[in-house]
Asks: 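One structure, pasted below without further comment.
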Number of protein chains: 2
Amino acid sequence: MAKLQKSIQKKAALLKATLHLINNGGIQEASMAKIAKLAAVSPATIYLYFENKQDLINQLYLSVKEMYAKVAFENYESNNPVKKCFEQIWLNMARFKQDMPEESSFLSQCDNTPMIDEETREQGLVYLHPLFSLWERGQAEGIIKEISPYLLYAYTIYPTAFLMNMHARELFKVDNEVLHLAFQLAWDSIKV
Amino acid sequence: MAKLQKSIQKKAALLKATLHLINNGGIQEASMAKIAKLAAVSPATIYLYFENKQDLINQLYLSVKEMYAKVAFENYESNNPVKKCFEQIWLNMARFKQDMPEESSFLSQCDNTPMIDEETREQGLVYLHPLFSLWERGQAEGIIKEISPYLLYAYTIYPTAFLMNMHARELFKVDNEVLHLAFQLAWDSIKV
DNA sequence: CAAAAAAGAATGAACATTCACTATTATCTG
DNA sequence: CAGATAATAGTGAATGTTCATTCTTTTTTG
């Protein structure tokens, strides 16, 4: 049992090291040797937990995406009114991006880079399913515009990635006031 | 003169090759050897035109950004009404992203990756200055919300990158109808 | 003590960059 | 304007390093 625990810890350390390296310097700076070193492990050990580098990155992507979804749907009461529900999810997602800047910067790197297989990407999308359902409900109730979820996503969720990116680079401070302003912009753009 | 012409062509070929390789496979797939091969040139020749790989990528970034700005401000009549001006620029930018998918995908890769120096990034930002001026004018006229240009950018320009990304992956077709719908969303989110 | 986990050293391939050299073009001289 | 010379542009092969991955050996563990 202690053994299993240790294994889990080691795998987590490897994922964390990879996240950190990719985040500060991109994929080019994240060599297996450096990952191993940062995780205080032999390069060979990586191959006990991951098939190869691509597998390591795919698994990292999925694990971060899962974390993201977990935060996104915290305290989500699906029988609340649509706007209330959406606000909850939106603020949760923003909070994730605020509290876990490395994870969220990694995700936006993945989204704009041929780093992740299309297949793994699709798997990651599944985590967001409750949001899509909510939008459908909003559209059925005539509260949300009858447009593609891609448009809804583009104008409500995607912009926060940009804002947090600017925040991380210290070009624009995103505090709670800005956040609530941003939600207003997001909601205004998709409400009927 | 013929010599200079040839040099310019060669430099352009190198930039184009780099763009293409980074675009299909990320920076990791764009080795100097591959770039040289695709540009039909010796690896050593690259170093006649560029200091090193980072310089090559920086120059590529700036040249693409310049192209982007050139298209963005085509037919821009700065004494037209604010909304008209903005629509012109917005549609120009969208057209660039539609017509030059490689260039625009490259730019969004740069924006979310530690690929480009902060300094070069700042240089690239200068190209968009007319848009920021327009926003200021709109705010002075009480037409556009009194919020940071980062928010304005996040909710009007940034989302199109996502849409075009999805379009390129054939997950969501962005035709003229969608484009005008998207502009509506963008404008609605920032207008007073 | 057997089996699993981990290590370090070793592998060939690929990397960015440089080297010594050749081909091409421009400039100068009579 | 012909021929020599200088300057520039371009090259393929070589450099030392780093890469992802594997091999053999050692350590840990139930």
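Letters A, B, ... mirror the listed sequences (proteins, then strands); counts begin at 1. The figures here come from the full heavy-atom set of this structure, side chains too, leaving out hydrogens, waters and symmetry mates. It should be emphasised that the depicted structure is a prediction, and the values quoted were computed from it without experimental measurement.
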Asks: Using atom CD of Q9(B) as one end and atom P of dA9(D) as the other, report the distance to the nearest whole Å.
Replies: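 Checked: the CD to P distance equals 15 Å.
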Asks: May I ask you to verify if any side-chain N or O of S42(B) is less than 4.0 angstrom from the OP1 or OP2 atom of dG10(D)?
Replies: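 The answer is no; no side-chain N or O of S42(B) sits under 4.0 Å from OP1 or OP2.
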Asks: Choosing from dC19(D), dA7(C), dT11(D), which nucleotide comes nearest the side chain of K34(A)?
Replies: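 The listed nucleotide nearest to K34(A)'s side chain is dC19(D).
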Asks: Using atom CE of M32(B) as one end and atom C1' of dG12(D) as the other, report the distance to the nearest whole Å.
Replies: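 That distance rounds to 16 Å.
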Asks: Taking atom types as modelled, is there a side-chain donor on S105(A) or N23(A) under 3.5 Å from an acceptor on the other?
Replies: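 Yes.
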Asks: Select base, sugar-phosphate, or nothing to describe what A30(A) touches, counting heavy atoms under 4.0 Å on all strands.
Replies: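 Sugar-phosphate, backbone atoms only, no base.
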Asks: Check the side chains of Y127(A) and K70(A) for a donor-acceptor pair under 3.5 angstrom, ignoring hydrogens and angles.
Replies: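 No, no side-chain donor-acceptor pair sits under 3.5 Å.
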Asks: Select from E29(A) and E51(A) the residue whose nearest nucleotide in DNA chain D is closer to the 5' end of that strand.
Replies: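 It is E29(A), whose closest nucleotide lies nearer the 5' terminus.
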Asks: Between Y155(A) and Y155(B), is the ring centroid distance below 6.0 Å?
Replies: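 Between Y155(B) and Y155(A), which both carry aromatic rings, the centre distance is not below 6.0 Å.
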Asks: Please confirm whether the shortest side-chain N or O distance from K10(B) to OP1 or OP2 of dA9(D) is below 4.0 Å.
Replies: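 False: K10(B) side-chain N/O out of range (4.0 Å or more) of dA9(D) OP1/OP2.
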Asks: Taking atom P of dT21(D) as reference, at what distance in whole Å does atom CG of L48(A) sit?
Replies: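 So the CG-P distance, L48(A) to dT21(D), works out to 14 Å.
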Asks: Between dA9(D) atom P and L14(B) atom CG, what is the distance in whole Å?
Replies: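 About 14 Å, once rounded to whole Å.
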Asks: Looking only at the side chain of A44(B) (C-beta and beyond, no hydrogens), which of the listed nucleotides dC19(D), dT11(D), dT17(C) gets closest?
Replies: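 That would be dT11(D).
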Asks: Do any side-chain nitrogens or oxygens of S31(B) fall under 4.0 Å of OP1 or OP2 in dA14(C)?
Replies: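 For dA14(C), OP1/OP2 do not have a side-chain N/O of S31(B) under 4.0 Å.
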Asks: Can you tell me the distance, in whole Å, between the CD1 atom of I46(B) and the P atom of dC15(C)?
Replies: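 Checked: the CD1 to P distance equals 12 Å.
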Asks: Please confirm whether Y153(B) and F162(A) have ring centers closer than 6.0 angstrom.
Replies: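 Yes - the distance between ring centres of Y153(B) and F162(A) falls below the 6.0 Å cut-off.
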Asks: Measuring from I144(B):CD1 to L134(B):CG, what's the distance to the nearest 0.5 Å?
Replies: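 Rounded to the nearest 0.5 Å, the CD1-CG separation comes to 6.0 Å.
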Asks: What integer distance in Å separates Q28(A):CD from dA20(D):P?
Replies: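 Checked: the CD to P distance equals 12 Å.
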Asks: Looking at the side chain of Y47(A), which of dA16(C), dT21(D), dA6(C) is the nearest nucleotide?
Replies: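 When the side chain of Y47(A) is considered, dT21(D) is the closest of dA16(C), dT21(D), dA6(C).
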Asks: Identify whether any heavy atom of Y49(A) sits under 4.0 Å from a base atom; if not, whether one sits that close to sugar-phosphate; answer base, sugar-phosphate or nothing.
Replies: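 The answer is sugar-phosphate, as Y49(A) gets under 4.0 Å only of primed atoms, P, OP1 or OP2.
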Asks: Nearest whole angstrom, please: distance from the P of dT18(D) to the NZ of K53(B).
Replies: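 Value for this atom pair: 15 Å.
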Asks: Round to a whole Å and report the spacing from CD1 of I27(A) to P of dT18(D).
Replies: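 After rounding, the gap between these two atoms is 19 Å.
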Asks: Looking at dT21(D), dA6(C), dT11(D), which one has an atom nearest to any side-chain atom of T45(A)?
Replies: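 The closest nucleotide is dA6(C).
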